[in-house]
Colleague: 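Dropping the structure in here first, questions after.
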Protein chains: 2
Amino acid sequence: MTAASGGQQTARPTRLPRSARRKQLLAAAQQIFVAHGYHAAAMDDIAERAGVSKPVLYQHFPGKLELYLALLDTHCDAIIAKVRGAMLASPDNKDRVKGAVRAYFDFMDHESEAFRLVFESDLRNDPQVRQRVERVEQGCIAAVTDTIISDTGLRPDQAELLASGLAGAAGQAAQFWLANGRRTPKAEAEALVAALIWRGIASFPLQGGSTAGTPAEIG
Amino acid sequence: MTAASGGQQTARPTRLPRSARRKQLLAAAQQIFVAHGYHAAAMDDIAERAGVSKPVLYQHFPGKLELYLALLDTHCDAIIAKVRGAMLASPDNKDRVKGAVRAYFDFMDHESEAFRLVFESDLRNDPQVRQRVERVEQGCIAAVTDTIISDTGLRPDQAELLASGLAGAAGQAAQFWLANGRRTPKAEAEALVAALIWRGIASFPLQGGSTAGTPAEIG
DNA sequence: TTGCACGCCGATCTTGACCTCCACGGAGCC
DNA sequence: GGCTCCGTGGAGGTCAAGATCGGCGTGCAA
């Protein structure tokens with residue numbers, strides 16, 4: 001029944017400065033939230049994981065929801081920035097697709113916890129959480145939409161629809177790739193998905209390129 | 001005023017045969033679960049929505065989780081069947097893609113509640129729920145995977161990766177389409193997404209070269 | 001050395017939601 | 001027509017989990 005009964009948390013209850021303690025609490029909360037989801041995650045578990053007691057947790061965060069939101073805010077901007085960065089990294093659309101897909105897979109590979117925290121959140125019904133998650137999705141879609149509009153001349157609603165499909169493809173494939181234990185080599189998986197997406201979007205008729213009417217005609 | 005407040009529940013507390021009562025309870029539960037999610041949905045709300053009291057609910061279902069699982073089971077097979085049916089409806093891959101995309105959009109259009117119930121579940125951490133949801137995803141992916149393998153000769157892991165991407169594209173696009181209030185006309189949206197997917201997958205190097213016009217290298 | 005301040009912990013409270021017990025009312029039967 | 005039975009309804013128990021209060025030990029200044 002000693003204090004150090006658990007596992008790899010701090011061996012002894014040592015006093016930490018506030019910023020370090022806060023970062024440690026955020027890390028512990030991220031592990032618990034990702035492992036069990038928001039609802040199944042108990043504040044007791046987070047505190048135990050961090051090697052402190054619950055009051056310390058409540059001295060750093062007003063409540064469970066605020067802790068979760070702080071964690072979300074830590075990652076939301078990073079995700080948008082990565083996708084947008086891939087869009088801005090090159091003027092060649094093929095490279096852009098490759099870069100965006102690589103961004104998804106990199107994020108999955110190295111920060112899968114953040115990805116799952118945002119995109120598999122079980123608190124999307126909460127307005128605060130919903131707003132943040134939708135901001136990320138809209139941000140990713142918007143980054144792609146601009147390119148689609150400027151290159152294909154589709155209407156904004158059409159371009160956004162396609163962009164959402166592309167984002168869904170990349171996200172779902174990356175998720176599937178990770179969930180199946182990285183069975184396919186990462187570079188190969190990236191190339192496959194990038195090819196899929198590139199072939200899909202590149203074939204769309206350019207402005208003034210072909211017969212007008214319905215650009216969505218399959219043929 | 002209590003019984004007839006919401007919508008089309010039984011106007012008066014009439015005695016119903018068990019099967020009809022059960023169906024009514026399932027319908028009420030679906031509305032509540034979709035509207036508020038699993039956790040925020042209260043059994044009191046479901047009972048009130050159905051116009052009965054809680055004991056009746058517990059005479060039909062042992063508990064909240066079982067009620068949710070029964071609801072899930074009602075729809076899981078339907079979703080898989082629709083996608084698989086679209087795959088089997090035609091030997092032409094282009095028609096298959098069209099049919100599958102139409103299946104997604106039809107499901108979104110007409111049974112969006114079922115879609116949201118399955119794919120936006122906030123109880124995916126529960127093993128029972130996770131198993132069912134993953135079975136649907138795997139079923140949809142598997143249906144497409146067989147076609148991809150037989151037509152492109154890719155390895156199973158590669159084909160499954162692409163299939164997951166395609167399913168993600170269709171699902172995300174359909175979800176986006178619905179979330180934005182069906183802004184784009186349905187037929188046009190279907191055609192756009194089907195074209196995106198078909199262009200993406202049809203360009204992959206064929207083994208026999210049946211449907212795709214020009215096999216192209218993966219860039 | 002001694003008083004002070006501060007961060008930390010065990011134990012506790014409260015709320016809210018899932019899940020059952022006692023009264024009522026209509027339907028079938030003699 | 002009266003008795004019995006079954007299903008309904010509201011009120012209550014229980015428990016888990018979020019949120020909080022008095023005590024303790026350490027480091028610093030005078």
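Note: hydrogens, waters and symmetry copies are ignored here, and every other heavy atom, side chains too, is used. Naming: A, B, ... by sequence-line order, numbering from 1 per chain.
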Colleague: Looking only at side-chain atoms of A42(B), point me to the closest of dC18(C), dG9(D), dT20(D).
Modeller: dC18(C)
Colleague: Ignoring backbone atoms, test whether R21(B) places a side-chain nitrogen or oxygen under 4.0 Å from the OP1 or OP2 oxygen of dT8(D).
Modeller: yes
Colleague: Strictly distance-based, threshold 3.5 Å: is any side-chain N or O of R84(A) a donor or acceptor partner for the main-chain N or O of I79(A)?
Modeller: no
Colleague: Could you tell me the separation between the CD1 atom of I32(B) and the C1' atom of dA17(C), rounded to a whole number of Å?
Modeller: 15 Å
Colleague: How many whole angstroms separate atom CE of M43(B) from atom P of dG10(D)?
Modeller: 17 Å
Colleague: Distance from R135(A) atom CZ to D73(A) atom CG, nearest 0.5 Å?
Modeller: 7.5 Å
Colleague: How do S53(B) and D44(B) order along DNA chain D: which one's closest nucleotide is nearer the 5' end?
Modeller: S53(B)
Colleague: Relative to each other, are the rings of Y38(A) and Y68(A) parallel, tilted or perpendicular (30° and 60° limits)?
Modeller: perpendicular
Colleague: Using modelled atom types and a 3.5 Å cut-off, is there a donor and acceptor pairing between side-chain atoms of R96(B) and backbone atoms of S90(B)?
Modeller: yes
Colleague: Could you tell me whether the side chain of S112(B) and the main chain of D109(B) form a donor-acceptor pair under 3.5 Å?
Modeller: no
Colleague: Whole angstrom is fine here: how far is it from NZ in K54(B) over to P in dT14(D)?
Modeller: 15 Å
Colleague: Can you measure F61(B) atom CZ to dC19(C) atom P for me and round it to whole angstrom units?
Modeller: 13 Å
Colleague: How far does the helix from dT1(C)-dA30(D) to dC30(C)-dG1(D) bend, going by the axes of its first and last five pairs, to the nearest 10°?
Modeller: 10°
Colleague: Answer yes or no: is there a donor N or O on one side and an acceptor on the other, between the side chain of E160(B) and the main chain of A142(B), under 3.5 Å?
Modeller: no
Colleague: How is A47(A) classified with respect to the nucleic acid when contacts are heavy atoms under 4.0 Å: base, sugar-phosphate, or nothing?
Modeller: nothing
Colleague: Take the protein atom NE2 of H39(B) and the nucleotide atom C1' of dG18(D), then report the distance between them rounded to whole Å.
Modeller: 16 Å
Colleague: Name the nucleic acid region contacted by A40(B), choosing base, sugar-phosphate or nothing; use a 4.0 angstrom heavy-atom cut-off, strictly under.
Modeller: nothing
Colleague: Determine: side-chain N/O of R18(A) to OP1/OP2 of dC6(C), distance under 4.0 Å, yes or no.
Modeller: no
Colleague: From CD of Q59(A) over to P of dA19(D), roughly how many Å is that when rounded to an integer?
Modeller: 14 Å
Colleague: Take E113(B) and H75(B) through the side chain to side chain donor-acceptor pair (under 3.5 Å) test and state the conclusion after the steps.
Modeller: CA-CA 10 Å; E113(B) 286 192 347; H75(B) 298 300; over 6 Å; no
Colleague: Rounded to whole Å, please give me the gap between OH in Y58(B) and C1' in dC21(C).
Modeller: 15 Å
Colleague: Rounded to whole angstroms, how far apart are CG on L57(B) and P on dT8(D)?
Modeller: 12 Å
